[in-house]
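The structure under discussion appears below in the form of structure tokens.
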Amino acid sequence: MSFSTHVIISLSSFGAAEVRRHGQAWFIKLCHSAGADGAEVRGELLVDPERELHELAGILHDTGLGCVYSSPDGLWDEAGVLNRPALEQGLAAAAILKAPVLKMSIGGFNTGSQASLSELGDRLGQGAVKLLIENDQTVSAGSVSALRRFFDAADRAGLALDMTFDMGNWHWLGESPLQAAELFAARVQYVHCKGVQRQPGRWVAVALADSVAPWRAVFNALPVNVPRAIEYPLFGDDLLGETRMAIQNLRKLEGDRQ
């Protein structure tokens, strides 16, 4: 299935402990039963990557679900050096899963990293996997200023890169999600949908409907007809029912924009 699928579930939504206990294969099957179009496989939740990736690939094939592979590693390390091992690992995992998209953050990209953009472009040109850059919860890879510098440098290097837009992560850095949406909308090819609530000393992810942030303006500022992922906690005695309802709610939000 192509990446034009509509509602995807990030498997991290089911909680790290539960996913490691049951395995991502179990949750992919649940996503399929709940009516999702795809699943986002999480690299940080793989316990035995070599075995699991091939198992997951088989289930994705059998169910017809689309797939995104999410790498937990940044493209550049803390010193600003291109993290070639992480890139290769991410591309290899995406290839096994037949995932058309690899999602990564820019990590420690800085002004000294710009020379390695051509190396990145050369490597991406060798395969069919599309790299999407995500705004994470770090200043170096999730702030508006850092991402503007990165995308400007990539454009100058002739490297056209698009974006995974996480609606909630901006709050962790005190950034305006709406300003970010207006700045980056033309690059957005995939959206992580989550609301936020403030607890003592921290932000937490919640369903959009439970968010204290004005999420609807952000949602409407982003492109229509790009895949959207549920990435907030899904839990409850009827997990299948909760997941099905979350999918239906997200479909309705997008349908209201048509």
Side-chain angles (χ1 to χ4, degrees), residues 7-34 36 38-57 59-60 63 65-75 83 86 89-90 92-94 96-97 99 101-105 107 132 134-138 141-142 164-173 190-208 210-211 227-247 250:
V7 175
I8 292 171
I9 298 181
S10 171
L11 298 183
S12 60
S13 299
F14 298 107
E18 285 298 292
V19 173
R20 290 195 180 99
R21 183 161 72 92
H22 291 289
Q24 293 189 71
W26 191 91
F27 285 100
I28 288 176
K29 293 174 184 176
L30 184 144
C31 292
H32 178 251
S33 297
E40 182 179 306
V41 172
R42 307 289 297 205
E44 73 274 17
L45 298 180
L46 294 169
V47 177
D48 181 1
E50 185 172 353
R51 177 190 61 79
E52 285 183 84
L53 286 170
H54 288 282
E55 178 188 14
L56 299 179
I59 295 170
L60 290 165
T63 58
L65 290 181
C67 182
V68 173
Y69 180 71
S70 174
S71 169
D73 301 308
L75 272 169
N83 192 347
Q89 187 177 54
I96 292 170
L97 295 168
V101 168
L102 166 64
K103 179 177 72 64
M104 297 182 75
S105 75
L132 291 181
E134 181 183 24
N135 58 296
D136 67 12
Q137 295 174 9
T138 68
T164 295
F165 189 99
D166 188 298
M167 292 175 61
N169 281 351
W170 307 103
H171 293 278
W172 271 257
L173 300 173
Y190 180 38
V191 181
H192 268 191
C193 296
K194 68 177 176 231
V196 294
Q197 287 185 2
R198 186 69 178 174
Q199 293 186 355
R202 65 178 186 144
W203 289 98
V204 296
V206 297
L208 289 175
D210 298 326
S211 183
R228 282 172 162 75
I230 293 166
E231 206 212 17
Y232 56 80
L234 295 171
F235 58 90
D237 293 336
D238 181 11
L239 186 56
L240 177 61
E242 291 292 332
T243 305
R244 182 179 290 118
M245 181 63 67
I247 292 168
L250 190 51

* Asked: Any salt bridge between R42 and E231, counting N to O under 4.0 Å?
  -> yes
* Can you find a pair of side-chain heavy atoms, one from L75 and one from N83, that are under 4.5 Å apart? -> no
* Asked: Can you list the steps and then say if L208 with K194 is a side-chain contact (heavy atoms from CB on, under 4.5 Å)?
  -> CA-CA 5 Å; L208 289 175; K194 68 177 176 231; 5.6 Å; no
* Find the distance between CD1 (I96) and CD (E50) and round it off to the nearest 0.5 Å. => 7.5 Å
* Asked: Is E52 reaching over with its side chain to a backbone N or O of V47, donor-acceptor style, under 3.5 angstrom?
  -> yes
* Looking at SG of C67 and CG of L11, how far apart are the two atoms once the value is rounded to the nearest 0.5 Å? -> 8.0 Å
* Is there a side-chain contact between Q24 and L46, using heavy atoms and a 4.5 Å cut-off? -> yes
* Rounded distance (nearest 0.5 Å) linking atom CG of L239 with atom OG of S33 -> 11.0 Å
* Drop me the distance from L173's CG to Q137's CD, to the nearest 0.5 angstrom. => 7.5 Å
* Please report the closest heavy-atom contact between G43 and Y69, naming both atoms and the distance. => CA-OH, 3.2 Å
* Asked: Under 3.5 Å, side chain of W170 to main-chain N/O of D166, donor-acceptor pair present?
  -> yes
* **Set of side-chain hydrogen bond (donor to acceptor under 3.5 Å, both in side chains) partners for W203, sequence neighbours left out** => none
* To do: Establish, yes or no, whether a centroid distance under 6.0 Å links the rings of W26 and F14.
  => no
* To do: Could you tell me whether the side chain of Y232 reaches within less than 4.5 Å of the side chain of V206, counting heavy atoms only?
  => no
* Please tell me if the side chains of P227 and V191 come closer than 4.5 Å, counting only heavy atoms from C-beta onward. => no
* **E40-H192 side chain donor-acceptor pair, cut-off 3.5 Å** => yes
* Minimum side-chain heavy-atom gap I230-I8 below 4.5 Å -> no
* Option among I28, I247, L30 that satisfies the side-chain contact (heavy atoms from CB on, under 4.5 Å) test with I9 -> I247
* Asked: Would a 4.5 Å heavy-atom cut-off, applied to side chains only, mark V41 and S70 as touching?
  -> no
* Hey, could you give me the CE/CG distance between M245 and L250, rounded to the nearest 0.5 Å? => 13.5 Å
* Say whether K103 and T164, considering side chains only, have a donor N or O and an acceptor N or O under 3.5 Å apart. => no
* Just wondering, do S105 and T138 contact through their side chains at under 4.5 Å, heavy atoms? -> no
* Count the heavy atoms of every other residue, nucleotide or ligand shown that sit under 6.0 Å from CD of Q199, and state whether that count exceeds 12. => yes
* **Minimum heavy-atom distance A86-D73, with the two atoms named** => CB-CB, 3.6 Å
* Asked: To the nearest 0.5 Å, how far apart are CE in M104 and CG in L132?
  -> 12.0 Å
